[in-house]
**Student:** 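Right, I'll just put the structure down here and ask away after.
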Amino acid sequence: MTRPPWPPIARTRTSPVTSRWDAPFPLGAAVAFVEGLAGRDPGAEGWFQYAVERRDDGTLVGDVGVNRHDAGRQAEIGFTLAPAWQGRGYGTEAVRRIVTHLLVTDGLHRVHASLDARNARSARLLERCGFRREGLELCSCWWKGEWTDELRYAVLASEWSRSPEPA
Ligand SMILES: CC(C)(COP(=O)(O)OP(=O)(O)OC[C@H]1O[C@@H](n2cnc3c(N)ncnc32)[C@H](O)[C@@H]1OP(=O)(O)O)[C@@H](O)C(=O)NCCC(=O)NCCS
């Protein structure tokens, strides 16, 4: 990556389109966030944020967060795309690649994600990738001044190896 990543990260996280589900993210927070990742081992337990860049020009279009836990056997993921780069399949491609890396290359047992039940685009993305809907938890999350319903998705390594190749 040639350009500093924090201005686009701050813009993406603060946009009215993404901030309903992602906390507003001022520039200072983005700088601290990126600096905090420097030197971290992506294979260690805890959150690691992968940048999603366009292969042809290196433009940062979003990020995928991975939280390895359960002694490295499982991981939770979260993802954000800049509004200008949504609706083109970049999120789906990024999530498929990272999940393949986790379940096939690194041999994890299970990858899962939780989201606000109103977040239909995220649910569609996960289902396109082959995630299974595991449940709906009613009013289980206090978020921005209200109780929200949480959708749970997951995929097992045994399921991933049977899922169709990405289009
Ligand atoms: C969640 C989020 C990443 C989804 O973005 P997205 O643009 O819908 O996802 P993708 O990049 O995979 O694009 C898929 C869309 O592009 C379309 N598309 C166009 N070309 C495509 C291609 N070559 N391959 C796949 N999809 C393509 C798909 O039809 C789909 O649109 P649809 O859902 O209306 O059918 C985005 O809405 C976001 O950043 N939201 C805010 C943060 C957030 O809520 N994160 C989730 C918390 S876990």
**Student:** Thinking salt bridges, do Arg152 and Glu150 make one under a 4.0 Å N-O criterion?
**Tutor:**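 Salt bridge: yes.
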**Student:** Rounded to the nearest 0.5 Å, what separates atom CZ in Arg128 from atom OG1 in Thr92?
**Tutor:** 3.5 Å
**Student:** State which residue, out of Thr105, Val104, Asp106, fulfils the side-chain contact (heavy atoms from CB on, under 4.5 Å) condition with Leu108.
**Tutor:**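 Only one option passes, and that is Asp106.
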**Student:** Is it true that Arg110 and Glu134 make a salt bridge, defined as a side-chain N closer than 4.0 Å to a carboxylate O?
**Tutor:**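 Salt bridge: yes.
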**Student:** Check Cys139 against Asp149 and note the closest heavy-atom contact, atom names and distance.
**Tutor:**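 Smallest interatomic distance, heavy atoms only, reads N-OD1, 2.7 Å.
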**Student:** Rounded to the nearest 0.5 Å, what separation is found between the CD1 atom of Ile77 and the CG atom of Leu102?
**Tutor:** 8.0 Å
**Student:** Do Leu37 and Phe79 share a hydrophobic cluster, counting only Ile, Leu, Val, Met, Phe, Trp and Tyr and linking them when any side-chain heavy atoms are less than 4.5 Å apart?
**Tutor:**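 Yes; tracing contacts between hydrophobic side chains, which count when under 4.5 Å, links both residues.
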**Student:** State whether Glu93 and Arg54 are salt-bridged, where the test is any N-O pair (Lys NZ or Arg NE/NH1/NH2 against Asp/Glu carboxylate O) under 4.0 Å.
**Tutor:**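 Looking at Arg54 together with Glu93, the answer is no, because their closest N to O distance does not fall below 4.0 Å.
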**Student:** So, for Pro42 and Tyr50, which heavy atoms are closest and what is the spacing to 0.1 Å?
**Tutor:**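 Where Pro42 meets Tyr50 most closely, the heavy atoms are CB-OH, 3.4 Å.
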**Student:** Please lay out, stage by stage, how Glu159 and Leu103 fare under the test side-chain contact (heavy atoms from CB on, under 4.5 Å).
**Tutor:** CA-CA 10 Å; Glu159 297 171 314; Leu103 296 179; over 6 Å; no
**Student:** Does any N or O in the side chain of Glu35 come within less than 3.5 Å of the main-chain N or O of Ala32, such that one atom is a donor and the other an acceptor?
**Tutor:** no
**Student:** Among residues at least two apart in sequence or on other chains, which ones pass side-chain hydrogen bond (donor to acceptor under 3.5 Å, both in side chains) with Asp70?
**Tutor:**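 side-chain hydrogen bond (donor to acceptor under 3.5 Å, both in side chains) check on Asp70 returns Arg73, Gln74.
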**Student:** Please find the pair of heavy atoms, one from Ser122 and one from Leu115, that lie closest to each other, and give the distance.
**Tutor:**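 Smallest interatomic distance, heavy atoms only, reads CB-CD1, 4.1 Å.
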**Student:** Is there a path of hydrophobic side-chain contacts, each under 4.5 Å between heavy atoms of I, L, V, M, F, W or Y residues, that connects Phe48 with Val52?
**Tutor:**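 Shared cluster, yes.
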**Student:** Is the shortest distance from a Lys or Arg side-chain nitrogen in Arg133 or Glu127 to a carboxylate oxygen in the other one below 4.0 Å?
**Tutor:**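 Judged by the 4.0 Å cut-off on N to carboxylate O distance, Arg133 and Glu127 do not form a salt bridge.
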**Student:** Rounded to the nearest 0.5 Å, what separation is found between the CG atom of Asp63 and the CD atom of Gln49?
**Tutor:** 4.5 Å
**Student:** I need the minimum non-hydrogen distance between Phe131 and Val111, along with the two atoms involved.
**Tutor:**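 So the two residues come closest at CE2-O, 3.6 Å.
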**Student:** Nearest 0.5 angstrom please: Leu151 CG to Asn119 CG, how far?
**Tutor:** 9.0 Å
**Student:** How long is the straight-line distance from CG of Asp116 back to SG of Cys141, given to the nearest 0.5 Å?
**Tutor:**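 The distance works out to 8.0 Å.
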**Student:** CZ/Arg55 to OH/Tyr90 distance, rounded to the nearest 0.5 angstrom?
**Tutor:**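 So the CZ of Arg55 and the OH of Tyr90 are separated by 9.5 Å.
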**Student:** Between Val155 and Gly130, which heavy-atom pair has the shortest distance, and what is it?
**Tutor:**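 Looks like CG2-O, 3.9 Å.
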**Student:** Find out if a path of hydrophobic residues (ILVMFWY) with successive side-chain heavy-atom gaps under 4.5 Å connects Trp47 to Ile98.
**Tutor:** no
**Student:** Given the rule that I, L, V, M, F, W and Y join up when any side-chain heavy atoms are under 4.5 Å apart, are Leu138 and Tyr153 in one cluster?
**Tutor:** yes
**Student:** Would you confirm whether Asn67, through its side chain, and Glu76, through its main-chain N or O, come within 3.5 Å as a donor-acceptor pair?
**Tutor:**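 No, Asn67 side chain to Glu76 backbone: no donor-acceptor pair under 3.5 Å.
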**Student:** For the hydrophobic clusters of this structure (ILVMFWY residues joined by side-chain heavy atoms under 4.5 Å, transitively), does one cluster hold both Leu125 and Trp85?
**Tutor:**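 Yes, Leu125 connects to Trp85 through the hydrophobic network.
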**Student:** Tell me every residue that passes ring-ring contact (aromatic ring centres under 6.0 Å, His included) with His69, counting only those two or more places apart in sequence or in another chain.
**Tutor:**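 Partners of His69 under the ring-ring contact (aromatic ring centres under 6.0 Å, His included) test: His112.
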